[in-house]
Amino acid sequence: MLLNTLTIFALLLSGCADEEANKDISAANGDATSGGVLYSDNCAGCHGAAGEGGTGPAIAGNPEGDAETAEVVQNGEEEMPAFPDLSDQDISDILAYLETL
């Protein structure tokens, strides 16, 4: 019984750590100017030069919100590949840029 309780507690703590990490990835922590360059290099090919959509959906203004967008960029989703080479700061910069569109 004690082992199960400790296992559950450890899993809860690890989930909190992941949630804390995702809180650092936000538009508020980003630089829109740097994000514009990163967006152009990594996102515009599918999402359009102004986030209007193309082969990928429209993302101008970051309609999904910071946490969901950051997770999709990091892990991929459906037809969108993951971008594991982008740092948390890079993603924050892109999120800040999206809010300017």
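Everything numeric here is computed off the predicted structure, so don't read it as measured data.
- Distance alone, capped at 3.5 Å, is enough to place a donor-acceptor pair between the Asp90 side chain and the Ser87 backbone.
- Here the straight-line distance linking atom CD1 of Ile59 with atom CG of Leu95 works out to 9.0 Å at 0.5 Å rounding.
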Next item on the list: Could you go through the side-chain contact (heavy atoms from CB on, under 4.5 Å) check for Val72 and Glu64 one step at a time?
Entry: CA-CA 10 Å; Val72 171; Glu64 298 298 324; over 6 Å; no
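- With values rounded to the nearest 0.5 angstrom, Leu101 atom CG is found 12.0 Å from His47 atom NE2.
- With sequence neighbours excluded, the residues that form a side-chain contact (heavy atoms from CB on, under 4.5 Å) with Asn42 are Leu38, Phe83, Leu86.
- Rounding to the nearest 0.5 Å places CD1 of Ile91 at 5.0 Å from CD1 of Ile25.
- Closest non-hydrogen pair, Ala27 versus Ala96, comes out as O-CB, 3.6 Å.
- Here the CD-OG distance, from Glu99 to Ser26, works out to 8.5 Å after rounding to the nearest 0.5 Å.
- Of the possible donor and acceptor atoms, none in the side chain of Ser40 sits under 3.5 Å from a partner among the backbone N and O of Val37.
- Between Asp31 and Gln89, the side chains place no donor N or O within less than 3.5 Å of an acceptor N or O (distance only, hydrogens not considered).
- The shortest side-chain heavy-atom distance between Pro84 and Gln74 does not fall under the 4.5 Å cut-off.
- Panel note: side chain Ser92, backbone Asp88; a donor-acceptor pair is recorded below 3.5 Å.
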